[in-house]
Amino acid sequence: DWQELYNVANIRSYCRPGICEGKERRCRVMALSTTIARALFKNIIDCFSDEVFYLNQAGLVEEVNEAARRTFHIAASVNGDCSLVRLLGSDIFADLADRHSFRWKCLTDAVETVYSVQCRVFGDGLGLPGLLVILRDISNAQKMQEYITKLEETNRDMDALFRFSHDGLVVCDGNGYGVRYNESYTRITGIDGQDLIGRHMTDIVGRGSISESAVLNALTVKKQVTTMPKLASSKKVLITANPVFDANDSIVKVICNVRDITELTALEAELDQARELSQRYLSELVHLRSQAIQVEGMVAESPAMRAIV
């Protein structure tokens, strides 16, 4: 805390009447103590990596620490004859009396930097009343926060895609244990999703809920596997299991897509039946036509000749 540091630096308390006799002597000691306090104060603020400015009651800069000099290329001589607005070239520092904290974005060495600005009133026990303005570079923290915000948005989008997918989705870990599922998986397979979480896929197969596990097959061959297993619910499904690898080429996750093809299979069967019926009708029509064609005096027996007739 800056006020505590200030109190530590307050050596005027040693200049009590009785210790220093005489008005002139006391004034000299007080002036000396103030000079020592200023030097001590300057040494203290130079120890900080944050940029620190000390403003007097007139709002002019009297002290600047080394970090601020390096960052803003400030000359060594700052003697209370320059405002912070002029020194940093920003009107945001015009009125700091009623402002405790705010953010300032600027260009330093052609790089955009974001600072957290803290303003603290400094006590007058040493005859140094004024304001401390502390600038902390939070650019990396802000970039990290923006990155985290984007990750959260992406996570919400992916979660919505997972939950509302019409196909069933299942996520297993690299050992074949269930980690996550969506409601479509339960609807399609008839398997209670809660029974899947934390259970090994061999248990699911062993219970007779499904004839084989695409997850276990993918873990074995270490590549995408597509199966059409039999379900206890008698539905027809197409399951595709995709292994996910880490940097060491080890499987860390297996993601399964479960598609209900019961209606599609039924439609294909109906289509095959319709094609077969159409072919039969066509054969009968050809046969009837051949029976109906009887041209007197002409004999046509070959299919090609009959087609011409």
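No experiment lies behind these values; they were computed from the predicted model shown.
Annotation: salt bridge (charged side-chain N to carboxylate O under 4.0 Å, His left out) contacts of R207 (sequence neighbours excluded): D195.
To the nearest 0.5 Å, atoms CD1 (I251) and NZ (K222) are separated by 6.0 Å. The structure places CZ of R136 at 10.0 Å from CD of E51, a figure rounded to the nearest 0.5 Å. Considering OG1 of T189 and CD1 of I239, their distance stands at 8.0 Å, rounded to 0.5 Å. Between the CD1 atom in I138 and the OG atom in S116 there is a gap of 5.0 Å [rounded to 0.5 Å]. Of the inter-residue distances, the one linking L131 atom CG with E62 atom CD reads 12.0 Å to the nearest 0.5 angstrom. The line from CD1 of I191 to OG of S233 is 8.0 Å long, rounded to the nearest 0.5 Å.
C172 and G178 get closest at one heavy-atom pair: SG-CA, 4.0 Å. The minimum heavy-atom distance linking I188 with L231 is given by the pair O-CD1, 4.2 Å. Contact between A68 and I74 at its shortest, heavy atoms only, is O-CD1, 3.9 Å.
Checked by atom type and distance alone, the side chain of S213 never pairs as donor or acceptor with a backbone atom of M201 at under 3.5 Å. One N or O on the side chain of D46 and one on the backbone of E66 form a donor-acceptor pair closer than 3.5 Å. Panel note: side chain S184, backbone G168; no donor-acceptor pair is recorded below 3.5 Å. When atom types are taken as modelled, the side chain of D137 and the backbone of Y115 share no donor-acceptor pair closer than 3.5 angstrom. A donor-acceptor pair under 3.5 Å links the side-chain atoms of N65 to the main chain of D50, judged by distance alone. In this structure, N182 contributes its side chain and L169 its backbone to a donor-acceptor pair below 3.5 Å. Using a distance-only test at 3.5 Å, with no hydrogens or angles considered, a donor-acceptor pair links the side chain of T113 to the main chain of V111.
Listed by first and then second residue, the side chain to side chain donor-acceptor pair (under 3.5 Å) pairs that reach into residues 86-97 are S90-W104, sequence neighbours excluded. For residues 158-170, the side chain to side chain donor-acceptor pair (under 3.5 Å) pairs, not counting sequence neighbours, are D159-R163, D159-R180, D167-N257, D167-R259.
When the side chains of ILVMFWY residues are joined at heavy-atom separations under 4.5 Å, either directly or via intervening members, I261 and I210 end up in two distinct hydrophobic clusters. The hydrophobic cluster containing I255 does not contain V170, counting ILVMFWY residues as joined when their side-chain heavy atoms lie under 4.5 angstrom apart, directly or transitively. Hydrophobic cluster membership is shared by I204 and V237, with clusters built from Ile, Leu, Val, Met, Phe, Trp and Tyr side chains linked at under 4.5 angstrom. One hydrophobic cluster, built from ILVMFWY side chains closer than 4.5 Å, holds both V121 and V133. Under the 4.5 Å side-chain heavy-atom criterion for ILVMFWY residues, a single connected hydrophobic cluster contains both F53 and V85.
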- Query: L161 and M158: side chain to side chain contact (heavy atoms under 4.5 Å, CB included), yes or no, with the steps?
  - Reply: CA-CA 5 Å; L161 287 172; M158 298 306 295; 4.1 Å; yes
- With side chain to side chain contact (heavy atoms under 4.5 Å, CB included) as the test, would you mind laying out the steps for V252 and F245 before giving the verdict? CA-CA 6 Å; V252 293; F245 298 88; over 6 Å; no
- Query: Where do H100 and C119 land on the side chain to side chain contact (heavy atoms under 4.5 Å, CB included) test, with the steps shown first?
  - Reply: CA-CA 5 Å; H100 299 291; C119 303; 5.7 Å; no
- I would like to know whether L96 and L84 meet side chain to side chain contact (heavy atoms under 4.5 Å, CB included); could you show each step before the answer? CA-CA 10 Å; L96 299 175; L84 197 56; 4.1 Å; yes
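Side-chain contact between L60 and L55 is absent, with no heavy atoms from C-beta onward closer than 4.5 Å. Here the side chains of V215 and C256 are in contact, with some heavy-atom distance below 4.5 Å. Side-chain atoms of K105 and E112, non-hydrogen and from C-beta on, do get closer than 4.5 Å to each other. Side-chain contact between F93 and L88: present, with at least one pair of heavy atoms (C-beta onward) separated by less than 4.5 Å. The side-chain heavy atoms of Q194 and Y181, taken from C-beta on, include a pair separated by under 4.5 Å. No side-chain heavy atom of V171 sits under 4.5 Å from any side-chain heavy atom of V254. Residues V61 and Y54 fail the side-chain proximity criterion, which asks for heavy atoms closer than 4.5 Å. Between I197 and V179 the shortest side-chain heavy-atom distance does not fall below 4.5 Å.
If you check the side chains of Q273 and R275, you find no donor sitting under 3.5 Å from an acceptor. No donor-acceptor contact under 3.5 angstrom links the side chains of T227 and E212, judged on distance only. N248 and S250 share no donor-acceptor pair across their side chains, judged by distance under 3.5 Å alone.
Within 6.0 Å of CZ in R187 there are more than 12 heavy atoms belonging to other residues, nucleotides or ligands. The local environment of NZ in K235 is crowded, with over 12 non-hydrogen atoms from other residues, nucleotides or ligands closer than 6.0 Å. For CD of E152, the number of neighbouring non-hydrogen atoms (other residues, nucleotides, ligands) closer than 6.0 Å is greater than 12. No more than 12 heavy atoms of other residues, nucleotides or ligands shown are found within 6.0 angstrom of CG on N140.
Ring geometry for H200 against Y177 counts as perpendicular: the plane angle is over 60°, on a 0 to 90° scale with 30° as the lower cut.
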